[in-house]
S.K.: 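I am attaching a structure below and will ask some questions about it afterwards.
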Amino acid sequence: MPHTPQSLIPLSAGTEIIPSILLPLVRPVRARQVIRFRPDELRLMMSTQAHSVMVRRPDSPPRELTIAHRFDQDDMNRRWDYYIKHRPIVDVACDEELPMGTVLELSLGFVSDSQKDRLNLSGLDWSGQWLALTPEGEVEDKPVSEPAVIRVQPGSATSLRAWLHADGRVVANHFDQVGNPTDAPEEAVDWVLRGPDHAMEDGVFTTGTPASTLVKPPGVIQRVSVIDQAGRLATTNALPRTRAGENIYFGEFHWHSELSSDGDRPLRDALASARDELGLDFAGPADHMGDDGVYSFGTAEQQAEIMRDAERPGRFVGLPGVEWSARYGHANTYTDCYDRLLRMVEATSKGFTEHPKRDGVYPWDALIQGVESVGAPHAILIPHHTNTDSYERGGVLKPEDGRPYWAPMTFPRPADQTWIRAFEIHQGRGSFESETPDPAWRGDVGGYGSSFHSALMRGYRMGVTGGTDNHQGWPSRSGWPSHFGDGSPLGLTAVIADELTTESVFSGLYQRHTYATTGVRIVADVTMNGSPMGSELRLGPDEAREMNIRLHGTADWAAVEVISAGVVIDSLDVPRHCQDFEATWQDHRPGRPCTDIYYYLRARQVDGHCLWCSPFWIDLA
């Protein structure tokens with residue numbers, strides 16, 4: 001959006017105060033007319049509240065205008081559709097005519113500390129301008145001011161983070177106080193590597209962002225420390241490989257870009273951050289697709305083109321997908337190549353024509369029609385935030401019936417084991433593992449009958465993924481109030497795959513060779529009878545069920561538990577100050593179930609970060 005230089009307002013992420021917005025009128029405003037400051041992005045409205053609007057003219061003292069209406073979260077919850085459409089940060093009544101050139105000063109504050117988190121993500125332009133309203137409350141054709149652009153920019157470097165990849169690359173980057181990637185002072189970007197034997201090696205990092213080198217770790221557990229010239233220190237995760245030599249790749253593929261009506265960042269910028277600043281192996285948006293097969297601000301063809309351009313063979317790949325939302329459930333569909341993405345979108349859109357929504361309930365036939373058009377094993381359907389509703393989270397109700405705007409998932413019955421093969425167990429709204437809220441495992445809500453445990457009980461066989469549902473175009477980062485409060489990543493999916501290609505990563509996802517974390521790069525190597533997580537095994541009643549466990553954390557372990565039939569059947573002994581945990585576990589119960597039973601491992605670190613592994617299923621041979 002074009003803007004005059006004086007309308008560009010820099011906002012440093014993490015700031016406590018939003019600078020006042022001063023905009024001159026570009027045409028007169030009539031006496032008794034109401035004018036509105038309306039942003040182009042929802043997030044600016046939902047994160048801020050108008051304190052005052054002042055009239056500033058050189059020929060008279062400043063004076064305050066009367067606020068007729070200002071954004072209020074409770075009012076938005078009652079009139080969600082109105083606020084989504086009109087985006088009124090503030091309406092003010094002009095008691096007398098304001099001539100062209102009059103400067104209006106808008107003072108904004110954060111609605112709350114939790115909403116301020118939404119403005120802490122850098123690289124965003126939040127724009128808005130003054131519009132005149134008709135007596136009927138409609139917006140006149142011509143705005144009465146130029147747009148103002150609040151540009152969120154990172155702060156100065158306060159920390160260093162580093163990641164070790166499956167191919168031995170170390171990637172490091174500087175971050176500001178709220179977790180934004182940022183440039184360090186030029187004199188601080190010479191690097192040194194320190195291996196586990198504390199021997200110092202000269203780094204061959206390049207200066208700038210990102211900085212990387214190739215190391216040859218000899219063992220599975222080895223971590224590497226990176227130190228910059230300013231003394232900032234970061235230690236990587238363990239080498240992400242299994243004991244059998246399989247690669248583990250980390251990525252995040254449930255976030256939104258400007259293609260969505262409520263997304264805020266260009267897709268190209270988001271992918272560049274995932275690749276170059278956050279060190280992810282793979283990423284992909286899940287933007288809100290309309291039932292007609294078109295995004296609010298773009299097409300699947302444009303998405304595919306941008307994602308292809310962002311890929312770097314062997315270093316970063318995309319995962320093509322879209323989100324389909326309904327009142328009684330939100331789900332994403334993914335596939336293993338961009339041509340199939342276009343085919344899947346076209347078929348799903350056609351399915352919505354043939355099977356329209358009724359009362360916001362998913363026409364599952366339409367979604368299944370979309371993935372079937374691609375065929376197994378090239379497509380998958382993943383539900384998310386299944387076990388909560390918008391009233392419990394924010395009090396958001398549909399005014400026409402007083403029921404939640406979005407509600408718990410209605411899983412198809414009988415259980416679909418062909419296409420619904422994964423479940424987003426953790427995201428920005430918390431974890432949806434169980435019906436019983438459990439803050440220790442990030443479960444804040446529950447009891448709706450749509451949790452991971454409830455779906456497994458109904459016969460679904462789903463692996464797990466972790467995401468964010470970030471709407472600001474920042475893969476793996478929090479667009480929600482974080483449990484951790486330190487700018488940490490919020491959700492990640494780890495995929496065991498042969499190589500770093502879209503096809504191979506998707507194959508690992510489809511086969512359920514996955515685990516989820518709350519954003520940290522835990523290396524989990526868990527097998528049952530030698531089979532990888534997500535496997536289905538056929539065993540006799542007396543055959544051993546042996547789980548081999550190796551966990552290499554980013555902090556010491558606090559709890560390691562085995563779950564079956566929705567309950568903890570064993571809590572393993574964890575030594576104190578143990579960051580690398582190894583154990584062998586067997587189900588020795590004499591009356592253990594013989595068929596259609598699952599087991600999975602979950603673990604929690606002392607810093608609160610959690611891990612969930614995809615289950616193993618046992619059937620009677």
Side-chain angles (χ1 to χ4, degrees), residues 165-166 237 240-242 244 246-255 280-284 286 317-321 331-336 376-384 386 417-427 431-433 452 455-456 460-468 475-476 489-528 531-537 547 549-552 563 598-603 609-617:
H165 293 259
N237 51 280
R241 293 183 198 157
T242 68
E246 301 160 307
N247 298 320
I248 300 173
Y249 298 114
F250 292 98
E252 208 266 287
F253 47 92
H254 181 194
W255 45 274
L280 297 180
D281 296 307
F282 64 93
V317 299
L319 191 67
N332 302 340
T333 54
Y334 300 93
T335 184
D336 60 358
H378 303 291
I380 194 171
L381 199 159
I382 305 178
H384 61 269
T386 60
Q417 296 186 1
T418 302
W419 305 109
I420 307 178
R421 297 176 59 87
F423 181 101
E424 190 176 271
I425 198 168
H426 172 79
Q427 62 138 256
S431 116
F432 299 92
E433 177 184 15
F452 184 55
L456 293 174
Y460 283 86
R461 296 194 171 186
M462 301 184 292
V464 296
T465 66
T468 62
S476 82
L490 183 65
L492 282 177
T493 300
V495 179
I496 300 171
D498 294 333
E499 58 182 346
L500 189 53
T501 64
T502 298
E503 294 78 9
S504 184
V505 169
F506 180 86
S507 178
L509 174 65
Y510 185 86
Q511 295 177 77
R512 302 177 295 231
H513 299 336
T514 63
Y515 59 90
T517 81
T518 49
V520 291
R521 301 190 194 193
I522 295 166
V523 176
D525 183 6
V526 181
T527 61
M528 177 165 278
S531 297
M533 60 186 80
S535 296
E536 299 177 67
L537 292 79
M547 189 181 293
I549 304 162
R550 294 179 58 150
L551 304 178
H552 306 305
I563 312 294
Y598 67 84
Y599 304 87
Y600 72 88
L601 188 91
R602 71 178 185 181
H609 278 291
C610 299
L611 156 79
W612 297 267
C613 294
S614 291
F616 304 91
W617 286 268

S.K.: Measure from the side-chain N and O atoms of Arg602 to the backbone N and O of Leu611, and report whether any donor-acceptor pair falls under 3.5 Å.
M.R.: no
S.K.: Closest approach of Cys610 and Ile522, non-hydrogen atoms and distance?
M.R.: O-CD1, 4.2 Å
S.K.: With side-chain contact (heavy atoms from CB on, under 4.5 Å) as the test, pick out the partner of Trp612 among Ile563, Thr518, Thr465.
M.R.: Thr518
S.K.: If you measure from CG on Asp336 to OG on Ser507, what distance do you get to the nearest 0.5 Å?
M.R.: 8.5 Å
S.K.: How would you list all residue pairs meeting salt bridge (Lys or Arg N to Asp or Glu O under 4.0 Å) that involve residues 499-522, not counting sequence neighbours?
M.R.: Arg512-Glu536
S.K.: Using side chain to side chain contact (heavy atoms under 4.5 Å, CB included) as the criterion, list what pairs up with Ser531, not counting sequence neighbours.
M.R.: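 Side chain to side chain contact (heavy atoms under 4.5 Å, CB included) check on Ser531 returns Ser535, Leu537.
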S.K.: Given 3.5 Å as the limit, does a donor-acceptor pair link the side chain of His254 with the main chain of Glu424, or not?
M.R.: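 No.
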S.K.: Which heavy-atom pair separates Met547 from Val526 by the least distance, and what is that distance?
M.R.: CG-CG1, 3.7 Å
S.K.: Holding to side chain to side chain contact (heavy atoms under 4.5 Å, CB included), I want the full list of residues that pass it with Asp525, two or more places apart in sequence or in another chain.
M.R.: Thr242, Arg243, Thr527, Arg550
S.K.: Using every non-hydrogen atom in the two residues, find where Tyr515 and Val523 come nearest and quote the distance to one decimal.
M.R.: OH-CA, 3.5 Å
S.K.: Please report the closest heavy-atom contact between Ile420 and Pro383, naming both atoms and the distance.
M.R.: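 Nearest heavy atoms, Ile420 then Pro383: CG2-CD, 4.0 Å.
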S.K.: Assess the side chains of Thr514 and Ser614: does a donor N or O sit below 3.5 Å from an acceptor N or O?
M.R.: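 A donor-acceptor contact under 3.5 Å links the two side chains.
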S.K.: I'd like to check the side-chain hydrogen bond (donor to acceptor under 3.5 Å, both in side chains) partners of Thr502; sequence neighbours left out, ordered by chain and number.
M.R.: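 Applying side-chain hydrogen bond (donor to acceptor under 3.5 Å, both in side chains) to Thr502 gives Glu311.
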S.K.: How long is the gap from CG on Leu381 to OG1 on Thr335, to the nearest 0.5 Å?
M.R.: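 Leu381 CG to Thr335 OG1: 12.0 Å, rounded to 0.5 Å.
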S.K.: Hey, mind stepping through Phe506 and Tyr334 against ring-ring contact (aromatic ring centres under 6.0 Å, His included) and telling me if it holds?
M.R.: CA-CA 8 Å; Phe506 180 86; Tyr334 300 93; 8.0 Å; no
S.K.: Within the 4.5 Å heavy-atom criterion, are Trp617 and Leu456 side-chain neighbours or not?
M.R.: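 Yes, close enough: below the 4.5 Å cut-off.
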S.K.: side-chain hydrogen bond (donor to acceptor under 3.5 Å, both in side chains) with Tyr598: which residues, sequence neighbours excluded?
M.R.: none
S.K.: What pairs with Glu252 under side-chain hydrogen bond (donor to acceptor under 3.5 Å, both in side chains), at least two apart in sequence or on another chain?
M.R.: Thr468
S.K.: OG1/Thr501 to CZ/Phe282 distance, rounded to the nearest 0.5 angstrom?
M.R.: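 Answer for the OG1-CZ pair, Thr501 versus Phe282, is 11.5 Å.
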S.K.: Working to the nearest 0.5 Å, report the span between CD1 of Ile425 and CD of Glu433.
M.R.: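 These two atoms lie 4.5 Å from each other.
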S.K.: Check whether His513 reaches the backbone of Met533 with its side chain - one donor and one acceptor, N or O, closer than 3.5 Å.
M.R.: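 Flag set: sc His513 to bb Met533 pair under 3.5 Å.
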S.K.: Can any side-chain N or O of Asn247 pair as donor or acceptor with the backbone N or O of Asp498 at less than 3.5 Å?
M.R.: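 Yes.
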S.K.: Kindly give the heavy-atom pair with the smallest separation between Phe452 and Pro615, and that separation in Å.
M.R.: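 So the two residues come closest at CZ-CG, 3.9 Å.
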S.K.: Quick one, His384 and Asn332 - any side-chain contact, counting heavy atoms below 4.5 Å?
M.R.: yes
S.K.: Shortest non-hydrogen contact from Ala422 to Ile380?
M.R.: CB-CD1, 4.0 Å
S.K.: Judged by modelled atom types alone, do His552 and Asn237 share a side-chain donor-acceptor pair under 3.5 Å?
M.R.: no
S.K.: Within the 4.5 Å heavy-atom criterion, are Thr493 and Phe253 side-chain neighbours or not?
M.R.: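 Side-chain contact under 4.5 Å: yes.
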